[in-house]
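Scroll down for the structure; my scribbles are underneath it.
These values consider heavy atoms only, across backbone and side chains, with no hydrogens, waters or symmetry-generated copies. The sequence lines fix the lettering, A, B, ..., with proteins before strands; numbering per chain opens at 1.
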Amino acid sequence: MLKQERYQEFVNYFSTHNPDAQTELNYSNPYELLVAVILSAQCTDKRINQITPALFERYPDPETLAASSVDEVFSYIRSVSYPNNKAKHLVGMAQKLCDEFKGIVPEKIEDLVKLPGVGRKTANVISSVVYNNPAMAVDTHVFRVSNRLGLTSRATTPLAVEKQLVKFLPKETIAIAHHWLILHGRYICLARKPKCEICPITYFCKYFEKTHKVVG
DNA sequence: ATCCCGAGGG
DNA sequence: CCCTCTGGAT
């Protein structure tokens, strides 16, 4: 199957079966989403959602977070991965947000990545989810699933995957395709043992073709 | 033991 | 390119 055909099947399947895919992180404004995404590195969304209610109650806006000590933020996030780094990042992020962006989460990728704790992946999430831009955030799931499905080929870095996906996906599907890939990776196309036996999209999957199809 | 919506620094 | 940060679930 040609790569373009895989893209077509991919968009066809998920736009039919999961037209409302979205993040599983709980948040109620751009600031909260930014905090939640920074916290989500190497951590399940479920765990983040367990600690963000108290965190957002204590720090309802960038100003209160910017004024906090790193130690106090740490006490709210100690159960997530890399709590020391993230506590430092969150306070630094809030301070920069207040000092240079008037407390408003910026839209441009080049502005977002200036914030401590915000790399390209997080910046793309904010750009696409908050501002509806056709940005593709490539995390571990998007990277793995894209390569397995055959949407990308010879893409060895997240940036290479991002560029190929943005190039080949219909523009209006880029934002939601991010969530399709993540959800598929999280629940079916698992890193260690992909559940091919219950996967509904093996009919256009390159990985399934390689590993299951008998070739003479 | 391996994985979870990575980022920063060397 | 590499390494480190780091806790909880399976």
Indicate whether OP1 or OP2 belonging to B:dC5 is found under 4.0 Å from a side-chain N or O atom of A:Thr122. no
Whole-angstrom distance between C:dT4 and B:dC5, as gauged at atom P: 24 Å
Whether the side chain of A:Ser81 and the base of C:dC5 hold a donor-acceptor pair under 3.5 Å is what I'd like checked. no
Indicate whether OP1 or OP2 belonging to B:dC5 is found under 4.0 Å from a side-chain N or O atom of A:His178. no
Using a 5.5 Å cut-off between ring centres and planes within 30 degrees, is A:Tyr82 stacked on the base of B:dG6? yes
Spacing of A:Tyr187 atom OH relative to B:dC4 atom P, expressed in whole Å: 13 Å
Starting at the 5' end of DNA chain B, which residue's closest nucleotide do you reach first, A:Val118 or A:Cys43? A:Cys43
Among the nucleotides C:dC5, B:dG8, B:dC3, whichever has the atom closest to the side chain of A:His89 is B:dG8
Do NZ/NE/NH1/NH2 and the carboxylate oxygens of A:Glu100 and A:Lys114 come within less than 4.0 Å? no
Quick check on B:dC4: is either OP1 or OP2 less than 4.0 Å from any side-chain nitrogen or oxygen of A:Thr140? yes
Do any side-chain nitrogens or oxygens of A:Arg47 fall under 4.0 Å of OP1 or OP2 in C:dA9? yes
Pair A:Phe14, A:Ile201 - check side-chain contact (heavy atoms from CB on, under 4.5 Å), show working. CA-CA 9 Å; A:Phe14 285 104; A:Ile201 59 173; 3.8 Å; yes
Decide if atom CD of A:Glu57 counts as having more than 12 heavy atoms of other residues, nucleotides or ligands within a radius under 6.0 Å. no
How close or far is atom P of B:dC5 from atom NZ of A:Lys86, stated in whole angstroms? 11 Å
Just wondering, do A:Lys86 and A:Ser81 contact through their side chains at under 4.5 Å, heavy atoms? yes
Verify the contact: side-chain N or O of A:Arg186 to OP1 or OP2 of C:dA9, cut-off strictly under 4.0 Å; return yes or no. no
Starting at CG of A:Leu190 and ending at C1' of C:dA9, how long is that distance when rounded to a whole Å? 14 Å
